[in-house]
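Report on the following structure.
Throughout, a chain's letter reflects where its sequence line sits, starting with A, and its residues are numbered from 1. Below, all heavy atoms of this structure are taken into account, side chains as well, without hydrogens, waters or symmetry copies.
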Amino acid sequence: MSSLRCIAKHPTISLVDSSTSLRELKQIHTQLLANGLLNDPLLLGQFVAAIALNNPSNLDYSNQVLDRCENPNVFTLNSIIRAHSKSSTPQRSFHFYNKIQSAAHLSPDNYTFTFLVRTCAQLLARETGPSVHADLMKHGFEHDPHVQSGLIYMYAELGCLDSCHRVFAGVSKPDLVCQTAMVSACAKSGDVVFARELFDKMPQRDPIAWNAMISGYAQCGQSREALNLFYLMQLEGVKVNEASMVSVLSACTHLGALDQGKWAHAYVERNKLRMTVTLGTALIDMYAKCGNMNKAMEVFWGLKERNVYTWSSAMNGLAMNGAGEKCLEIFSLMKQDGVQPNEVTFVSVLRACSVVGLVEEGHEHFESMRKVYGLEPQLEHYGCIVDLYGRAGRLYEALNFIDNMPMKPHAGAWGALLNACRIYRNTELGELASRKLVELEAKNHGAYVLLSNIYADSKNWDSVSNVRRIMKSKGVKKLPGCSVIEVDGEVHEFFVGDKSHLRYGEIEAMLGEISRRLKLSGYVANTNPVLFDIEEEEKEDALCKHSEKVAIAFGLITLREGVPIRIVKNLRVCWDCHDVTKMISKIFNREIIVRDRNRFHHFKDGECSCKGYW
DNA sequence: ATAGGGTTAG
């Protein structure tokens with residue numbers, strides 16, 4: 001609402017806000033024209049900016065207003081460039097930039113370039129961005145602090161860290177804002193170590209600087225570092241705000257650290273931070289991805305405002321947790337509420353259909369993307385449809401769909417088919433899919449593992465060892481599995497075969513007990529080559545080595561009876577672990593919730609919520 | 001008279 005500050009000076013223009021209808025705008029326009037007020041470039045600029053900024057859907061109209069003006073000045077045009085740079089159609093900024101350039105009596109100023117650089121960042125304009133940079137240098141604005149920090153932001157968005165460094169090196173005395181922009185740029189581009197060095201060297205740091213560094217850690221996956229820095233921020237008595245908490249929550253989400261996430265939620269309430277849409281959405285995402293979907297929905301319904309992120313987060317959580325019908329219900333409510341779904345929303349819609357097995361409905365939603373919402377389906381959506389057919393056992397329709405994709409099928413599409421082939425034990429199609437997958441991603445260990453499982457299922461041991469040989473010769477390595485469990489607010493990480501935990505002795509004893517009790521109840525350890533889940537030297541002892549089993553054992557030792565064991569795993573759960581976990585949930589009478597890289601498994605009484613499909 | 005850095009979903 002900052003635009004209202006300057007506008008309030010004129011009584012009529014000050015009336016314009018987001019609720020002003022187009023008809024009312026036209027009346028005001030006529031009135032202003034009749035009084036000759038729009039000949040005043042100041043008022044015109046304010047009017048145009050008010051229309052556009054307070055309601056982006058009015059941009060068209062503000063353009064018309066401007067077009068009817070005979071000689072807009074730079075202020076007026078800057079206002080509209082600014083409005084466009086923040087809108088969903090930033091490219092239209094250039095129309096007005098060109099106007100400035102082509103008018104003999106006009107010349108762009110430092111404001112123009114500040115906004116235009118923003119536009120380029122929004123557009124990820126790889127070519128135009130640098131050319132705007134060249135333009136502003138021609139006009140001699142490269143030493144303007146606003147322009148400089150804007151350029152650093154832009155190059156970070158464009159993924160040109162080198163250019164960020166060049167701009168930054170050219171700043172004689174970088175101020176707080178510029179330094180923060182650079183910290184953020186480096187962290188976003190993956191050089192978080194350098195970002196931290198810069199951050200540590202800053203002579204003074206305000207909350208935004210801290211937030212930049214914390215979110216830098218959170219965004220590059222260094223969640224524990226993000227949390228550590230947040231604690232440091234509190235120790236130093238820096239004022240924590242909503243944005244800080246959003247990053248903290250995002251770190252908790254990635255760790256699957258429900259206790260810490262709950263603590264962060266309580267912190268927000270205790271400190272009376274504003275429950276903004278962004279913060280609310282981060283909370284929903286945290287609860288959903290830490291396996292507490294009820295709490296996620298409680299937060300969801302408690303919010304005053306929900307945007308497309310909010311709805312999509314809730315829907316994604318429901319789909320991930322296997323609540324497909326509920327996800328589709330929320331989707332209907334979202335539409336009733338007048339919030340436009342986007343591509344991300346549709347990923348959840350299609351996954352929900354897939355989970356429920358609603359093949360036709362899923363296909364209709366897919367079609368509606370283009371027809372009803374003007375959204376072009378992306379690779380992910382095609383992958384979802386393959387999965388939709390595949391899970392329903394309609395493997396050849398899945399294949400047919402892949403064959404008719406308008407673009408080259410990606411690894412995700414073949415991967416979805418391969419997974420379906422594993423579930424439905426179709427060796428022939430599985431071979432085809434994995435061959436394609438390997439063509440696309442020669443080092444995709446998942447393709448080999450799934451293919452090997454398919455061969456093993458059909459007792460084709462020669463082919464199993466063949467797959468293993470190929471993997472070896474190509475140097476395909478499996479990403480080390482890692483499972484995380486939180487106990488008393490402390491996050492414990494277990495890697496495959498990792499015995500470094502302080503209490504490993506107890507864990508080993510518990511693994512032994514699990515194994516004994518499993519055998520007693522008739523479980524036969526799967527030591528045949530099915531378990532060639534290509535983890536090399538682990539076969540003989542596979543039962544005890546997969547990271548989730550170690551984490552579950554640790555949970556059984558440390559968590560009180562009746563407390564669910566929550567595990568976050570970086571890979572998909574393997575077949576055997578899935579079986580074993582089902583049995584543990586029954587034998588030890590313990591609810592076990594595993595978040596793998598795709599979805600949730602809620603194990604209870606010997607059953608899993610995924611019903612064997614994942 | 002219009003500026004610059006931090007925050008959410010696949």
Side-chain angles (χ1 to χ4, degrees), chain A residues 2-3 5-7 9-10 40-46 48-49 53 73-83 85 109-118 121 141 144-154 156 174-185 187-188 202 205-216 218-219 241-250 253 273 276-286 288-289 306-317 319-320 341-351 378-381 383-384 412 598:
Chain A
S2 59
S3 54
R5 208 173 349 112
C6 64
I7 293 152
K9 289 174 196 159
H10 190 277
D40 176 353
L42 168 58
L43 285 181
L44 173 68
Q46 290 179 348
V48 166
L53 284 176
N73 67 4
V74 172
F75 165 74
T76 307
L77 290 161
N78 284 349
S79 301
I80 193 80
I81 291 175
R82 170 171 180 243
S85 77
D109 61 13
N110 41 346
Y111 290 84
T112 317
F113 286 113
T114 305
F115 304 140
L116 216 52
V117 163
R118 258 278 153 189
F141 293 118
D144 182 287
H146 294 89
V147 171
Q148 287 168 328
S149 47
L151 281 171
I152 291 172
Y153 174 82
M154 178 188 85
D175 63 8
L176 179 60
V177 174
C178 183
Q179 288 169 340
T180 308
M182 193 59 190
V183 165
S184 171
K188 264 190 240 167
M202 285 171 73
R205 292 180 287 243
D206 67 357
I208 297 187
W210 282 87
N211 292 348
M213 193 63 235
I214 293 173
S215 81
Q219 283 175 19
N241 63 20
E242 290 79 12
S244 330
M245 296 317 288
V246 170
S247 296
V248 165
L249 283 166
S250 150
T253 306
L273 297 182
T276 56
V277 203
T278 313
L279 184 52
T281 304
L283 264 176
I284 292 168
D285 192 44
M286 184 278 291
K289 293 206 180 118
R306 302 177 194 99
N307 62 21
V308 63
Y309 287 83
T310 322
W311 289 96
S312 303
S313 298
M315 287 171 57
N316 173 52
M320 264 184 98
N342 64 18
E343 289 89 348
V344 180
T345 321
F346 271 99
V347 172
S348 298
V349 172
L350 299 179
R351 287 209 181 132
Q378 304 162 343
L379 283 170
E380 288 89 335
H381 303 103
C384 287
N598 283 330

query = Does any N or O donor sit under 3.5 Å from an N or O acceptor when you compare the side chain of A:D175 with the base of B:dG4?
reply = yes
B:dG4 pyrimidine/purine six-ring stacking with A:H146, under 5.5 Å and 30° = no
ask   = At under 4.0 Å between heavy atoms, what does A:D285 touch on the DNA or RNA strands: base, sugar-phosphate, or nothing?
value = sugar-phosphate
message = Need one value for A:Q378: base, sugar-phosphate or nothing, where a base atom within 4.0 Å counts as base even if backbone is also close, heavy atoms only.
response = base
task = Mind checking side-chain contact (heavy atoms from CB on, under 4.5 Å) for A:V246 and listing every partner two or more places apart, or none if nothing turns up?
result = A:T278, A:L279, A:A282
inquiry  = Once hydrogens and angles are ignored, does a donor-acceptor distance under 3.5 Å link the base of B:dT2 to the side chain of A:S79?
reply    = no
request  = Please state how far atom CZ in A:F141 lies from atom P in B:dG4, giving the value in whole angstrom units.
outcome  = 16 Å
ask   = If only side-chain N and O atoms of A:K188 are considered, is one of them under 4.0 Å from the OP1 or OP2 phosphate oxygen of B:dT7?
value = no
ask   = Which of the following nucleotides, B:dA9, B:dA1, B:dT7, is nearest to the side chain of A:A243?
value = B:dT7
ask   = If you look at every strand shown and take non-hydrogen atoms under 4.0 Å, does A:Y153 touch a base, only sugar-phosphate, or nothing?
value = sugar-phosphate
message = Students often get this wrong, so: under 4.0 angstrom with heavy atoms, is A:S313 touching a base, only sugar-phosphate, or nothing?
response = sugar-phosphate
ask   = Given B:dA9, is OP1 or OP2 found less than 4.0 Å from the side-chain N or O atoms of A:N316?
value = no
message = By nearest atom, which of the nucleotides B:dT7, B:dG10, B:dG4 is closest to the A:Q219 side chain?
response = B:dT7
Distance-only donor-acceptor test, A:Q148 side-chain atoms vs B:dG4 base atoms, 3.5 Å = no
task = Not counting sequence neighbours, which residues clear side-chain contact (heavy atoms from CB on, under 4.5 Å) with A:S215? List them please.
result = A:Q219, A:S247
inquiry  = When you measure from the side chain of A:S79 to the backbone of A:F75, do you find a donor-acceptor pair of N or O atoms at a distance under 3.5 Å?
reply    = yes
key: Below 4.0 Å: OP1/OP2 of B:dA3 and any side-chain N or O of A:R82   = yes
inquiry  = So A:N73, base contact, sugar-phosphate only, or nothing? Heavy-atom distance under 4.0 Å.
reply    = base
ask   = Can you tell me how far the CD1 atom of A:I81 sits from the OG1 atom of A:T114, to the nearest 0.5 Å?
value = 11.0 Å
Distance, rounded to the nearest Å, where A:I80 contributes CD1 and B:dA1 contributes P = 20 Å
task = Could you tell me whether A:L176 contacts a base, only the sugar-phosphate backbone, or nothing, with contacts defined as non-hydrogen atoms closer than 4.0 Å?
result = base
message = When you measure from the side-chain N and O atoms of A:S215 to the phosphate of B:dG6, is any distance below 4.0 Å, counting only OP1 and OP2?
response = no
inquiry  = For A:S250 versus A:A218, what's the shortest heavy-atom pair and its separation?
reply    = OG-CB, 4.1 Å
